[in-house]
Amino acid sequence: MAQIFDRVALIGLGLIASSMAHASRAHGLAGEIVGTARSAETRETARELGFCDRVVDTAAEAVKGADLVVLCVPVGVMGAIAREIAPHLKPGAVLSDVGSTKRAVIEAVGPHVPEGVHFIPAHPMAGTEQSGPRSGFAELFENRWLLMTPGDADKGALAKYRAYWEGMGANIEEMEPDHHDLVCAVTSHVPHLIAYTMVGVADDLRRVTDNEVVKFSAAGFRDFTRIAASDPTMWRDVFLTNKDATLEILGRFTEELYALQRAIRQGDGDHLHEYFTRTRAIRRGIIEAGQDTDAPNFGRGR
Ligand code: NAP
């Protein structure tokens with residue numbers, strides 16, 4: 001694949017940024033990758049792992065001369081970082097982010113974007129429950145969706161940025177920020193909240209001993225625990241910045257849950273069977289779309 005940007009600056013060096021660095025390298029998409037992170041410890045780890053060509057101490061330093069700058073930090077701090085780097089951005093550069101919510105990022109970052117810099121917010125729908133610079137890998141974005149909310153961004157800059165993500169193996173869809181936030185509330189944010197709740201409930205439920213919860217977790221609980229192990233800072237910020245869509249979907253979820261609760265109480269097997277038949281079809285659709293495997297137990301060994 002041909003080089004797309006001469007210099008890429010990654011702000012924050014966790015799971016997403018380190019995966020972008022590995023993927024950019026693997027596909028030759030960037031002439032130089034410069035990275036920075038908040039803590040000296042993360043910067044040191046990144047230097048040791050060597051996935052950036054240079055690791056520098058400040059965001060302002062990192063963005064100097066970069067053609068592409070990507071904010072890879074929790075959503076709640078993007079505005080402050082945008083303010084810090086704004087005076088140092090190269091005219092004509094693309095400025096992007098990988099935040100899990102889009103309306104809030106646009107409102108926080110947008111006002112700081114200097115004239116002549118192309119702001120193209122984006123969100124890779126790919127991740128794991130791991131975080132930090134050691135967790136990244138080059139294949140993370142392969143055959144995964146990247147949702148972009150470019151608004152009226154410059155067409156040339158947009159084409160270049162799309163090519164960069166396509167080079168890392170992603171499929172791209174453009175949408176409006178509010179629609180993005182609703183889609184993610186359904187597909188990611190509320191499911192995470194439910195997992196957090198279920199794991200919290202099991203933790204509270206002293207009638208089932210801790211030992212049993214762990215021992216029999218393969219019955220379904222284990223998949224909740226994997227999701228509920230995701231980074232607390234990232235997920236706190238997701239719910240603080242996607243409040244409306246999350247509450248809307250949670251309201252719908254609660255209604256459906258009550259309906260199922262009633263069906264169980266009343267012994268309404270038809271309702272349960274019909275409901276579970278419908279959900280099974282959704283699972284089939286996901287497998288057919290290549291977004292998961294139909295191997296038993298999610299393709300994992302036992
Ligand atoms: P991560 O592995 O936890 O890394 C976060 C990075 O941000 C670290 O380098 C951290 O620096 C830095 N950071 C944290 N708080 C900061 C602050 N207050 N000021 C400056 N820097 C700070 O996170 P990630 O999973 O890569 O997520 C990064 C972004 O991608 C988030 O906006 C998240 O919503 C989004 N995202 C995540 C996933 C996912 O599944 N993980 C998927 C799609 C999008 P230190 O290491 O020095 O603390």
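In what follows, every heavy atom counts, from backbone to side chain, and hydrogens, waters and symmetry copies are set aside. We're numbering straight along the sequence, starting at 1. Counting convention: from 1, in listed order, for ligands and their atoms alike.
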Colleague: Quick check on contacts: which atoms of ligand 1 are under 4.0 angstrom from a heavy atom of Ser131?
Modeller: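 Result: 1 (P), 2 (O), 3 (O).
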
Colleague: Near Gln291 CD, under 6.0 Å, is it more than 12 heavy atoms from other residues, nucleotides or ligands?
Modeller: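 Atom CD in Gln291 is packed in, count exceeds 12.
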
Colleague: How about Glu176: does its CD atom have over 12 heavy atoms from other parts shown lying under 6.0 Å from it?
Modeller: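 For Glu176, atom CD is not crowded (no more than 12 foreign heavy atoms under 6.0 Å).
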
Colleague: Atoms of ligand 1 less than 4.0 Å from Val98 heavy atoms?
Modeller: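 Matching atoms, with element in brackets: 29 (C), 30 (O), 35 (C), 36 (N), 44 (C).
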
Colleague: Please work out whether the ring planes of His180 and His123 are parallel, tilted or perpendicular, with thresholds of 30° and 60°.
Modeller: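 Correct class here is perpendicular.
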
Colleague: Ile81 to ligand 1: N or O pair under 3.5 Å?
Modeller: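 Looking only at distances, the answer is no, because the N/O contact criterion of under 3.5 Å is not met.
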
Colleague: Any heavy atom of Arg43 sitting closer than 4.0 Å to ligand 1?
Modeller: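 Arg43: no contact with ligand 1 (<4.0 Å).
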
Colleague: Examine the proximity of ligand 1 to Leu15 and report which part, side chain or backbone, both or neither, has a heavy atom under 4.0 Å away.
Modeller: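 It is both parts that get close, each with some atom under 4.0 Å.
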
Colleague: Quick check: His123 and ligand 1, any N/O pair under 3.5 Å apart?
Modeller: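 Between His123 and ligand 1, no N or O pair is found under 3.5 Å apart.
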
Colleague: Are any of the N/O atoms in Leu13 less than 3.5 Å from those in ligand 1?
Modeller: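 Yes, there is a polar N/O contact under 3.5 Å.
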
Colleague: For Thr45 and Thr42, test the side chains for any donor-to-acceptor distance below 3.5 angstrom and give the result as yes or no.
Modeller: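 Side chains of Thr45 and Thr42: no pair found under 3.5 Å.
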
Colleague: For Met78, counting its heavy atoms only, list the atoms of ligand 1 lying under 4.0 Å from any of them.
Modeller: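 Listed by number with element: 32 (O).
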
Colleague: With a 4.0 Å cut-off on heavy atoms, is Ala126 touching ligand 1?
Modeller: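 Contact present.
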
Colleague: Taking 4.0 angstrom as the limit, do Arg43 and Asp57 come out as a salt bridge?
Modeller: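 Salt bridge between Arg43 and Asp57, a charged N being under 4.0 Å from a carboxylate O: yes.
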
Colleague: I need the contact type for Arg38 against ligand 1. Using non-hydrogen atoms and a strict under-4.0 Å cut-off, is it side chain, backbone, both or neither?
Modeller: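 Arg38 to ligand 1: contacts from backbone and side chain alike.
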
Colleague: Can you tell me which portion of Cys72 lies within the under-4.0 Å heavy-atom range of ligand 1? Options are side chain, backbone, both, or neither.
Modeller: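 Looking at Cys72 and ligand 1, just backbone atoms fall under 4.0 Å.
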
Colleague: Using a plain distance cutoff, I'd like to know if Gln130 has any nitrogen or oxygen under 3.5 Å from a nitrogen or oxygen of ligand 1.
Modeller: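 Not met; the criterion fails.
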
Colleague: Val75 heavy atoms, cut-off 4.0 Å: which ligand 1 atoms fall inside?
Modeller: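 Near Val75, the atoms of ligand 1 are 32 (O).
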
Colleague: Less than 4.0 angstrom from a charged side-chain N to a carboxylate O is my criterion; do Glu255 and Arg252 meet it?
Modeller: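 No.
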
Colleague: Indicate the ring-plane relationship of Phe239 and Trp235, choosing parallel, tilted or perpendicular according to the 30° and 60° boundaries.
Modeller: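 Ring orientation of Phe239 relative to Trp235: tilted.
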
Colleague: What about Gly127: any of its N or O atoms under 3.5 Å from an N or O on ligand 1?
Modeller: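 Min N/O separation from ligand 1 is not below 3.5 Å for Gly127.
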
Colleague: I'd like to know if the side chain of Ser230 pairs up with that of Tyr196 as donor and acceptor (distance under 3.5 Å, no hydrogens or angles considered).
Modeller: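 Distance-only check fails for Ser230 and Tyr196.
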
Colleague: For atom 2 (O) of ligand 1, tell me which residue out of Gly132, Ala122, Gly12 has the closest non-hydrogen atom.
Modeller: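 Heavy atom nearest to atom 2 (O) of ligand 1 belongs to Gly132.
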
Colleague: Below 4.0 angstrom from a heavy atom of Gly14, which ligand 1 atoms are there? Numbered from 1 as shown, please.
Modeller: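 Here the atoms of ligand 1 in question are 1 (P), 2 (O), 4 (O), 9 (O), 26 (O).
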
Colleague: For Arg103, is there an ion pair with Asp178 - N to carboxylate O distance below 4.0 angstrom?
Modeller: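 Result for this pair is yes, salt bridge flagged.
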
Colleague: Can you sort out which atoms of ligand 1 are near Thr42, meaning under 4.0 Å from one of its heavy atoms?
Modeller: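 By the 4.0 Å cutoff, the relevant atoms are 45 (P), 46 (O), 47 (O).
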
Colleague: In terms of atom number and element, which parts of ligand 1 are under 4.0 angstrom from non-hydrogen atoms of Gly99?
Modeller: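 Heavy-atom distances to Gly99 below 4.0 Å select 32 (O).
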
Colleague: Are any of the N/O atoms on Val73, whether in the backbone or the side chain, positioned under 3.5 angstrom from an N/O atom of ligand 1?
Modeller: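 Between Val73 and ligand 1 (N or O atoms, distance only) the closest approach is under 3.5 Å.
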
Colleague: Between the main-chain N or O of Asp294 and the side-chain N or O of Arg283, is there a donor-acceptor pair closer than 3.5 Å?
Modeller: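 Side chain of Arg283 to backbone of Asp294: no pair is present.
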
Colleague: Determine, for Asp231 against Arg236, whether the closest basic-nitrogen to carboxylate-oxygen distance falls under 4.0 angstrom.
Modeller: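 Looking at Asp231 and Arg236, the cut-off is not met.
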
Colleague: Of all the heavy atoms in Thr128, does at least one lie under 4.0 Å from an atom in ligand 1?
Modeller: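 Checking ligand 1 against Thr128, which is what was asked, there is a heavy-atom contact under 4.0 Å.
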
